[in-house]
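To keep things clear, I will list the structure first and then write my remarks on it.
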Amino acid sequence: MNEFVTRDSNRVKKKLKKNDVSPSQHFPDSSNLIQKYPYTLIHKEDIRAAKRELDLVASRMGHGVPFAGPETDLAFTLSKKGNIIDLSNQLMPRGLKRKASSFGEQLQVGNRTAIVKQQLGKGSYGIVVLLETARSEPIAVKAQAPTDCLAWEYVLMKRLEERIGGAIDSPFPKPLSFVSLSDGGLLSMSAGSKTGMNLVDICNVYRMREGGSVPELVALHYTSRMLKHIETLHWKGKILHCDVKPDNWVCIASDCACKGSSEVIETADLMLVDFGRGVDLLTAAKDGVEPMNLKLSGLATSQDMACIANRLNLEWSFDIDTFGICASAHILLFGAHMDIEMDIKKRWNIKKSLRRYWQKDLWLELFNTLLNLDDVSRIAIGSRPRSLRDIRKKIDLFLSAKTKELESLLKHQARILPKRRLD
């Protein structure tokens with residue numbers, strides 16, 4: 001309990017014991033499975049189509065046109081909605097290319113400059129930084145090389161915004177501009193917060209400053225928000241995220257925890273980020289297949305984040321995201337990544353034991369429903385949007401009697417959080 005939780009969900013694999021989960025062990029041979037919708041092929045085609053779409057828009061706007069004129073504020077240019085800019089004769093700023101940009105660094109693209117206010121996140125292929133316009137309007141800018149998934153991320157978020165609306169308190173980033181450079185690309189979007197604090201950071205702050213784990217009431221609250229946002233993503237957005245994990249849930253300010261009040265509390269809600277691996281069910285479904293019944297095959301995530309159907313070499317759908325909800329709830333409860341095992345009844349369960357004073361009925365229903373497949377159909381029926389709503393309503397009913405306590409805990413949490421992420 002003295003070590004921090006790592007932000008990267010890819011972990012060094014330990015030697016497996018009997019019933020430990022691994023896509024390559026303890027599972028039947030399913031080599032004869034008919035794979036009508038292989039994820040990898042669909043994703044590659046989505047990337048190619050997105051690049052063609054953005055190239056076409058950029059050519060219509062004219063090479064580098066949004067960068068013409070006397071304006072020198074890079075953040076202001078990137079904050080403009082719908083700017084698709086071809087700057088293939090320009091290099092990505094060195095700090096972004098090295099994924100090492102930090103507070104106070106000056107970025108320059110063409111004749112435009114901006115100062116980095118905060119590093120919001122960093123991954124294997126890119127970095128996300130916070131910029132502010134001269135009018136103090138914050139935006140998040142993601143730099144990535146190559147641009148492949150970045151172009152698709154912009155297109156997919158644009159479709160999502162069109163389908164669910166552009167509410168100010170949307171639980172998903174709103175895309176702004178896209179810049180194609182000779183050695184990568186820049187995607188600007190609305191900034192969920194000025195710190196980039198995610199659920200892994202929250203767990204580490206409690207461990208470091210409180211000497212324990214996230215309070216169960218806060219964990220239940222965040223789980224309810226995750227269920228609600230994924231239900232919206234699937235039901236209204238018709239999109240699979242395919243990379244739901246604790247470090248992709250960014251904490252944002254909201255009044256959602258203050259019933260009967262409009263008081264905003266920092267980190268009271270969540271925003272789901274990083275859509276580069278996503279699937280658009282509406283465009284992926286072919287041959288008359290109903291989008292909500294689409295099934296995909298193949299690995300879309302890291303092995304330790306693969307849903308049960310994935311591990312059994314079966315086709316999957318919504319369960320790829322709801323497995324991520326379970327993994328995120330688990331890290332809130334235990335401050336550790338989720339390990340699962342199969343019991344004697346061939347049902348999948350988390351390995352760690354729930355504490356006796358926790359709301360065990362709520363947690364058991366969450367994990368049992370979202371981890372397991374239907375015994376007959378071998379489909380994750382419990383992961384469909386209506387099931388998420390049923391689970392969420394039970395959690396919300398319990399939370400409704402704890403409003404004041406939850407509000408107090410979230411306000412305390414906001415006070416103990418650092419102004420910058422823990423690196």
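This one's a predicted model, so the numbers in the text were calculated from it and none came from an experiment.
With salt bridges taken as basic N to acidic carboxylate O contacts below 4.0 Å, none links Asp280 and Lys238. By the 4.0 Å N-to-carboxylate-O rule, Glu266 lies too far from Lys411 to be salt-bridged with it. Taking the charged nitrogens against the carboxylate oxygens, Glu341 and Lys352 have no contact shorter than 4.0 Å, which rules out a salt bridge. Arg48 and Glu45 are joined by a salt bridge, as a carboxylate oxygen and a charged side-chain nitrogen come within less than 4.0 angstrom of each other. Checked for salt-bridge contact, Arg389 and Glu231 meet the test: a charged N lies under 4.0 Å from a carboxylate O. Between Glu105 and Lys117 there is no salt bridge, since no side-chain nitrogen of the basic residue lies less than 4.0 Å from a carboxylate oxygen of the acidic one. Using a 4.0 Å cut-off between a side-chain N of Lys or Arg and a carboxylate O of Asp or Glu, Lys345 and Asp375 do not qualify as a salt bridge. At a threshold of 4.0 Å, the pair Lys228-Asp396 does not count as salt-bridged, since none of the basic side-chain nitrogens sits closer than that to a carboxylate oxygen.
No side-chain N or O of Glu216 forms a donor-acceptor pair with one of Tyr357 less than 3.5 Å apart.
A distance-only check finds a donor-acceptor pair linking the side chain of Asp319 to the backbone of Ser317 [under 3.5 Å]. Without hydrogens or angle criteria, Thr133 side chain to Glu137 main chain gives a donor-acceptor distance under 3.5 Å. Checked by atom type and distance alone, the side chain of Arg112 never pairs as donor or acceptor with a backbone atom of Leu74 at under 3.5 Å. In this structure, the side chain of Ser328 engages the main chain of Gly324 through a donor-acceptor pair within 3.5 Å. Distance alone, capped at 3.5 Å, places no donor-acceptor pair between the Asp269 side chain and the Ser254 backbone. Panel note: side chain Thr267, backbone Cys251; no donor-acceptor pair is recorded below 3.5 Å. The closest donor-acceptor contact from the side chain of Arg384 to the backbone of Met292 lies under 3.5 Å. The backbone N or O of Lys404 lies less than 3.5 Å from no partner atom in the side chain of Ser408, so there is not a single donor-acceptor pair. A side-chain donor-acceptor contact under 3.5 Å links Ser188 to the backbone of Ser177. A donor-acceptor contact shorter than 3.5 Å is absent between the side chain of Thr369 and the backbone of Leu366.
The number of heavy-atom neighbours closer than 6.0 Å to NZ of Lys44, taken from other residues, nucleotides and ligands shown, is 12 or below. Heavy-atom contacts from other residues, nucleotides or ligands closer than 6.0 Å to NZ of Lys99 number more than 12. Atom CG of Asp361 is surrounded by 12 or fewer heavy atoms from other residues, nucleotides or ligands within 6.0 Å. By the 6.0 Å contact criterion, NZ on Lys174 is enclosed, its count of non-hydrogen atoms from other residues, nucleotides or ligands being greater than 12.
Heavy atoms only, all atoms of each residue included: Leu409 and Leu217 are closest at CD1-CB, 3.9 Å.
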| query | Can Val244 and Leu272 be said to form a side-chain contact (heavy atoms from CB on, under 4.5 Å), step by step? | reply | CA-CA 8 Å; Val244 177; Leu272 183 61; 4.3 Å; yes
| task | Check the pair Val141 / Leu107 against side-chain contact (heavy atoms from CB on, under 4.5 Å), numbers first and verdict last. | result | CA-CA 11 Å; Val141 177; Leu107 304 179; over 6 Å; no
| Step-by-step side chain to side chain donor-acceptor pair (under 3.5 Å) determination, His412 to Glu210 | CA-CA 11 Å; His412 173 71; Glu210 302 285 288; 3.2 Å; yes
| task | Decide yes or no on side-chain contact (heavy atoms from CB on, under 4.5 Å) for Glu132 and Ile115, but give the supporting numbers first. | result | CA-CA 8 Å; Glu132 284 187 358; Ile115 301 298; over 6 Å; no
| task | Step by step, work out the side-chain contact (heavy atoms from CB on, under 4.5 Å) result for Asn248 and Asp243. | result | CA-CA 8 Å; Asn248 278 340; Asp243 198 19; 3.4 Å; yes
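Each of Ile202, Asp201, Thr195 was checked for a side chain to side chain contact (heavy atoms under 4.5 Å, CB included) with Leu417, and the lone residue meeting it is Ile202.
Classification of the His43-Tyr39 ring pair by plane angle, with boundaries at 30° and 60°, yields parallel. Using a 30° and 60° split on the angle between ring planes, Phe318 and His234 fall in the tilted class, from 30° to 60°.
For Asn349, the side chain to side chain donor-acceptor pair (under 3.5 Å) partners two or more places apart in sequence, or in a different chain, are Asp343.
Listed by first and then second residue, the ring-ring contact (aromatic ring centres under 6.0 Å, His included) pairs involving residues 236-256 are His241-Phe275 (not counting sequence neighbours).
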